[in-house]
Structures are given as structure tokens and as C-alpha cells.
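Proteins come first, then strands; the chains are lettered A, B, ... in the order of their sequence lines, and each starts at number 1.
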Number of protein chains: 2
Amino acid sequence: MTRQRRVILDELRKDKSHPSADELYETVRKYMPRISLGTVYRNLEILSELGEIQKLEIGGTLKRFDGNPKKHYHIRCMNCGRIDDAPIALMEHIENEIDGMTDYKIFGHRLEFIGLCPDCFDKAADRWQ
Amino acid sequence: MTRQRRVILDELRKDKSHPSADELYETVRKYMPRISLGTVYRNLEILSELGEIQKLEIGGTLKRFDGNPKKHYHIRCMNCGRIDDAPIALMEHIENEIDGMTDYKIFGHRLEFIGLCPDCFDKAADRWQ
DNA sequence: TTACTTGCAAATCGTTTGCGATATA
DNA sequence: TATATCGCAAACGATTTGCAAGTAA
């Protein structure tokens with residue numbers, strides 16, 4: 001565990017905004033100005049393989065990362081891309097439900113809500129005043 | 001509606017494999033050898049804004065497209081990226097469930113199962129013989 | 001005829017990788 | 001000391017875009 005990997009993990013754990021690699025790079029750079037973006041990508045990959053963090057392959061082009069490795073769902077703002085945890089319990093049973101219905105061997109599932117975050121909703125509402 | 005847009009839509013409607021833009025480009029090229037990849041991308045974008053097709057922003061790097069514009073869920077092979085429709089009914093109620101629990105205004109949700117397709121499962125099983 | 005769309009090629013964006021130098025265990 | 005990791009910069013793959021020419025309504 002290098003100094004770089006430590007800082008990346010710590011900062012991601014603190015950050016509740018599910019940052020992209022680039023956003024996390026900007027944060028980490030404040031502590032280690034010479035760190036490279038490649039190092040951030042490499043360590044995020046390694047940390048997610050170790051199960052310390054999660055890679056979120058969610059709508060949109062760029063990947064986002066979650067310092068919380070436990071299974072949970074997300075809400076995504078369709079306007080600004082902000083991501084929050086979804087306040088809804090895990091539905092483990094739906095994997096059993098589908099199991100006999102398909103030839104796939106199921107290993108997991110992903111649920112994502114799409115909507116407008118409070119900020120973007122307010123801005124949209126203003127336009128109708 | 002240009003000839004290009006017509007062919008792209010027709011071919012996507014016929015294709016049950018949820019192809020990527022590039023895969024669809026190869027198919028369409030058989031009918032229109034001079035069509036460009038840019039045209040395919042542009043039309044897929046337009047058709048999905050019109051609600052004629054769906055853009056699937058699902059795990060993995062590249063986007064895939066679905067000629068069926070109705071809401072439904074998908075299963076993705078974690079090994080080869082193949083995507084099939086998930087044989088499970090829509091759960092509209094979960095949007096109500098989350099509605100009071102968050103400051104977001106919810107507009108939809110997306111559910112994706114992750115597993116091994118029959119082919120990849122067989123190959124993986126062979127390795128243990 | 002006029003706005004929209006095309007084919008082409010270059011640009012862009014996020015991400016990955018090869019390298020020689022450096023740090024960790 | 002041996003191996004893993006680093007910073008840097010160049011490469012990569014998917015997607016987008018500017019432009020002049022062509023096409024649909």
C-alpha cells in the first residue's frame with residue numbers, strides 16, 4: 001500500500017459525491033501535487049478488485065466511484081449527473097425470481113433511479129414562474 | 001426521414017442483440033456501403049430523442065441500442081458483454097416507494113441483472129472438468 | 001428553395017499503457 | 001534487494017463535430 005493508494009482510498013471514503021476519476025484526481029492533487037491521473041486510474045482499478053471500493057458503471061459516459069463497497073442502489077440526476085445513494089432496501093429476492101426464467105447464471109443486479117436533484121428541479125421550476 | 005435514418009431504424013428493430021453503434025454500422029453498410037459511422041451515431045441519437053428506440057447506458061464502455069422503445073429490463077453477460085431482455089415484469093411501484101424518501105423528483109428507474117450467458121458459463125464450466 | 005442531413009476527416013473525451021525512475025516490503 | 005508502483009507522455013477506442021456537398025419536403 002503506497003502513499004498514493006492510501007490517500008486515494010481515504011479521500012474516496014470521505015467523499016459522498018461518487019466522484020469520477022478526474023474529480024478525485026483534483027482532490028488528491030491538493031495533498032500530492034505531483035500525482036498523475038494514470039496513478040489514480042490504476043489504483044481505483046486495484047482497489048475495486050480488492051473489494052475496498054465500487055466502480056459504478058452507471059448511465060452516462062464516465063465511470064464514477066463509490067468508497068462504500070457494500071451493495072446498495074443509486075439515484076442519478078438526469079440534468080447534472082449528480083449521484084446519491086437511493087434510500088431503499090436491497091431486493092435480494094429478485095435474483096431468485098429471474099433464476100429459473102433465463103439461461104444466464106445470475107451473479108448480481110443493479111438498480112438505478114433517474115430523476116432531478118433538488119437543485120436542478122428548483123431551476124426547472126423557476127423557468128415556469 | 002432520410003434513406004439512411006430509415007435503414008438504421010429498420011435494422012435496429014429487426015436486431016434482437018442490442019448492438020453497439022459500430023455493430024449496427026457494419027450491418028447497415030451491407031445495404032449502403034457509403035454510409036458513415038458519424039451518420040449512424042447522429043441518427044441513433046435523434047431516434048432515441050424521438051422515442052423510437054432506446055439508448056442503453058448500461059455497464060461496460062460502449063453504448064448499446066435497443067429497437068424496442070418500451071420500458072423493460074436487461075441481463076448482461078459479465079464476460080462477453082452480450083445483452084438480453086430480462087424475463088421479469090416491470091416494477092412501477094418502486095418509484096412510489098422511494099418518492100417520499102428523497103429530495104429528488106423521480107422520473108424513472110433502470111434495473112439490470114449481471115451474470116454469465118449460457119455460452120460463457122459452459123466455457124467456464126469446461127475449465128473445471 | 002431552404003432547412004436538414006450526409007460523408008469525410010479531424011478533434012475530443014475518458015481511459016489505458018509502455019517506459020525508465022522510484023519507493024515499498 | 002526484488003517487486004510493485006510511480007510520473008510522464010503517448011496511444012487508444014468510442015463518440016462527437018466542423019465543413020462543404022447533397023437531399024428531402
Can you check the [X] [atom1] to [N] [atom2] distance for me, whole Å?
X	N	atom1	atom2	result
A:Asp22	C:dT15	CG	C1'	11 Å
A:Tyr25	D:dC8	OH	P	8 Å
B:Leu24	D:dA14	CG	P	15 Å
B:Leu62	C:dG14	CG	P	17 Å
B:Glu57	D:dT15	CD	C1'	12 Å
B:Arg3	D:dA25	CZ	P	13 Å
A:Arg64	C:dT15	CZ	P	10 Å
A:Leu9	D:dT5	CG	C1'	16 Å

Subject >> OP1 or OP2 of C:dT15 under 4.0 Å from side-chain N/O of A:Tyr41 >> reply: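 Checking C:dT15 against A:Tyr41, a side-chain N or O does come within under 4.0 Å of OP1 or OP2.
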
Just wondering, do [Y] and [X] contact through their side chains at under 4.5 Å, heavy atoms?
X	Y	result
A:Leu90	A:Tyr73	yes
A:Leu116	A:Cys77	yes
B:Leu44	B:Tyr41	no

Original post:
Salt bridge or not for A:Glu45 and A:Arg42, using N-O below 4.0 Å?
Top reply: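 No salt bridge links A:Glu45 with A:Arg42.
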
Under 3.5 Å donor-acceptor pairs involving side-chain atoms of residues 96-107 of chain A, not counting sequence neighbours:
{"residue": "A:Thr102", "atom": "OG1", "partner": "A:Tyr104", "partner atom": "N", "Å": "3.0"}
{"residue": "A:Tyr104", "atom": "OH", "partner": "B:Asp84", "partner atom": "OD2", "Å": "2.6"}

Original post:
For the side chain of B:Asp15 and the backbone of B:Glu11, is there at least one donor-acceptor N/O pair under 3.5 Å apart?
Top reply: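 Side chain of B:Asp15 to backbone of B:Glu11, a donor-acceptor pair under 3.5 Å: no, none is there.
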
Subject >> Backbone of B:Glu112 reached by a side-chain donor or acceptor of A:Arg110 within 3.5 Å >> reply: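 Answer holds: no.
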
Original post:
Just by protein heavy atoms under 4.0 Å, how would nucleotides 5-11 of chain C read 5' to 3' in B, S and -?
Top reply: SBBB---

Original post:
Which atom names give the shortest non-hydrogen contact between B:Ser20 and B:Arg64, and what distance separates them?
Top reply: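 Result for this residue pair: N-NH1, 3.8 Å.
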
**OP:** Please report how far the helix from C:dT1-D:dA25 to C:dA25-D:dT1 bends, comparing the axis fitted to its first five pairs with the axis fitted to its last five, to the nearest 10 degrees.
**Re:**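 One end axis against the other gives 40°.
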
Subject >> With B:Asp66, the side-chain hydrogen bond (donor to acceptor under 3.5 Å, both in side chains) member among B:Gln54, B:His18, B:Lys16 >> reply: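 Of B:Gln54, B:His18, B:Lys16, side-chain hydrogen bond (donor to acceptor under 3.5 Å, both in side chains) with B:Asp66 is met by B:His18 alone.
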
